[in-house]
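Read the structure below first, then the notes.
Sequence positions, counted from 1, serve as the residue numbers for this chain. On a predicted model such as this, the values are computed, not experimentally measured, just so you know. Scope of the values below: all heavy atoms of this structure, side chains included, with no hydrogens, waters or symmetry mates.
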Amino acid sequence: DDYYSFNDDEEERASQFNNNDDPEYFSYECLTVLNVEKIFNESIEEIKSKLGVSHARAKQILHTNKWDIDDILAKYTPTQRSPSLSPSSSSSTLYCGVCASNLVETDFASPKGCRHKFCKMCWQMHFEIQIKQGVSTTMSCMSPGCDILVDEDLVLSNTSNTETAERYKHLSFLEYVRCHPNLRFCPGPNCPIVIKAAESSS
């Protein structure tokens, strides 16, 4: 009859697991992927509006700075919108240093940070190989010696395979959670829950 009952000592020991007098105790909540994406999107929208950058660039800045909005706003100045350049004539040709082809300029793409131009087919091959190898947020420009990171817009606009694009998004999400100071994945095997620690009040 007493199998499911607890005596006072057992109840006291059990309560220690949720005791905020314990120095190792911390307040937390369990989140689904959708909850986490909502948190990310709120931060992205704030940086996007305050710095005047694209969604993809805001995400890149947040990831690089461990999602510390105050630190980002102290370090970065709002982007001034430069007048848009008139599109190049589709008849002008460029040389791709990767595949050694001469192609029309509209068949080329480049990262916003460096403007190194390579043909879209080479970018596509580069991205698909990198994603297969598990690389996402650390993909850089193909130009030798250039360490400018490519943003999500460039990757997704030059990835023709839906499965590869979804893998890229999934890998990026994992990286965003891992670098966020208040988020950790549940250690249970294949558990999709993310643990969010309460913001430190200090």
Evaluate Thr159 against Gln124 for side chain to side chain donor-acceptor pair (under 3.5 Å), listing each step before the verdict. CA-CA 5 Å; Thr159 307; Gln124 180 179 321; over 6 Å; no

Val33: what forms a side chain to side chain contact (heavy atoms under 4.5 Å, CB included) with it, not counting sequence neighbours? Glu37, Phe173

I want to check something: taking the side chain as every heavy atom from C-beta on, are Ile131 and Val155 in contact at a cut-off of under 4.5 Å? yes

Please report the shortest heavy-atom distance between Cys141 and Phe118, naming the atom on each side. SG-CE1, 4.3 Å

Is the shortest side-chain heavy-atom distance between Lys196 and Ile39 below 4.5 Å? yes

Could you tell me whether Trp67 and Tyr176 have their ring centroids closer than 6.0 angstrom? yes

Rounding to 0.5 Å, atoms CG (Asn41) and CD (Glu46) come to a distance of 13.0 Å

For the atom pair NE2 (His180) and CG (Asp68), what is the distance rounded to the nearest 0.5 Å? 9.5 Å

Could you grab the distance from atom CE of Met142 to atom SG of Cys122, nearest 0.5 Å is fine? 5.5 Å

Contacts of Asp71 that satisfy salt bridge (Lys or Arg N to Asp or Glu O under 4.0 Å) - sequence neighbours left out: Lys75

Show your working on side chain to side chain contact (heavy atoms under 4.5 Å, CB included) between Leu183 and Val36 and close with a plain yes or no. CA-CA 9 Å; Leu183 299 176; Val36 176; 4.0 Å; yes

Please examine the side chains of Ile72 and Leu51, heavy atoms only from C-beta on, and report whether any two atoms are closer than 4.5 Å. yes

Counting N and O atoms only, with roles assigned by atom type, does the side chain of Gln60 sit under 3.5 Å from a partner on the main chain of Val150, one being a donor and the other an acceptor? yes

Ile195/Cys30 under side chain to side chain contact (heavy atoms under 4.5 Å, CB included): CA gap, chis, key distance, verdict: CA-CA 5 Å; Ile195 310 299; Cys30 297; 3.8 Å; yes

Do Leu154 and Leu103 share a hydrophobic cluster (ILVMFWY, side-chain heavy atoms under 4.5 Å, transitive)? no

Under-4.0 Å salt bridge between Glu105 and Lys117: yes

Hey, does the side chain of Ser54 reach the backbone of Arg57 with a donor-acceptor pair shorter than 3.5 angstrom? yes

Could you walk me through whether Asn161 and Glu128 pass the side chain to side chain contact (heavy atoms under 4.5 Å, CB included) test, one step at a time? CA-CA 9 Å; Asn161 185 310; Glu128 291 185 357; 4.1 Å; yes

With a 4.5 Å heavy-atom cut-off, do Tyr76 and Asn65 have their side chains touching? yes

Pairing residues for Glu45 by the side-chain hydrogen bond (donor to acceptor under 3.5 Å, both in side chains) criterion, not counting sequence neighbours: none

After noting the C-alpha distance and the side-chain angles of Cys96 and Phe108, does the key distance pass the side chain to side chain contact (heavy atoms under 4.5 Å, CB included) rule? CA-CA 8 Å; Cys96 177; Phe108 282 73; 3.8 Å; yes

For Lys120 versus Ala109, what's the shortest heavy-atom pair and its separation? CG-CB, 4.1 Å

Kindly indicate whether the side chain of Val98, heavy atoms from C-beta on, has any atom under 4.5 Å from the side chain of Cys119. no

Could you tell me which residues satisfy side chain to side chain contact (heavy atoms under 4.5 Å, CB included) with Glu175, sequence neighbours excluded, listed by chain and number? His63, Ser136, Thr137, Arg178

Output yes when Glu42 and Lys38 qualify as a salt bridge under the 4.0 Å nitrogen-oxygen rule, no when they do not. yes

Do Leu171 and Trp123 sit in the same hydrophobic cluster, where Ile, Leu, Val, Met, Phe, Trp and Tyr count as joined when their side-chain heavy atoms come under 4.5 Å apart? yes

Residues two or more places apart in sequence or in another chain: which of them pass side chain to side chain contact (heavy atoms under 4.5 Å, CB included) with Gln130? His126, Gln133, Val135, Met139

Rounded to the nearest 0.5 Å, the CZ atom of Arg115 sits from the CD1 atom of Ile148 at a distance of 11.0 Å

With a 4.5 Å heavy-atom cut-off, do Leu94 and Asp107 have their side chains touching? no

Would you say the side chain of Thr32 lies within less than 4.5 Å of the side chain of Pro192, judging by non-hydrogen atoms? no

Rounded to the nearest 0.5 Å, the CG atom of Asp151 sits from the NE2 atom of His55 at a distance of 11.0 Å

With sequence neighbours excluded, residues passing side chain to side chain contact (heavy atoms under 4.5 Å, CB included) with Lys132: none

Less than 4.5 Å apart, any side-chain heavy atom of Leu62 and any of Phe40? no

First locate atom CD1 of Ile44, then atom CD1 of Ile61, and finally report the distance between them rounded to the nearest 0.5 Å. 11.0 Å

Hydrophobic cluster membership, with links at side-chain heavy-atom distances under 4.5 Å among I/L/V/M/F/W/Y: are Tyr168 and Val177 in one? no

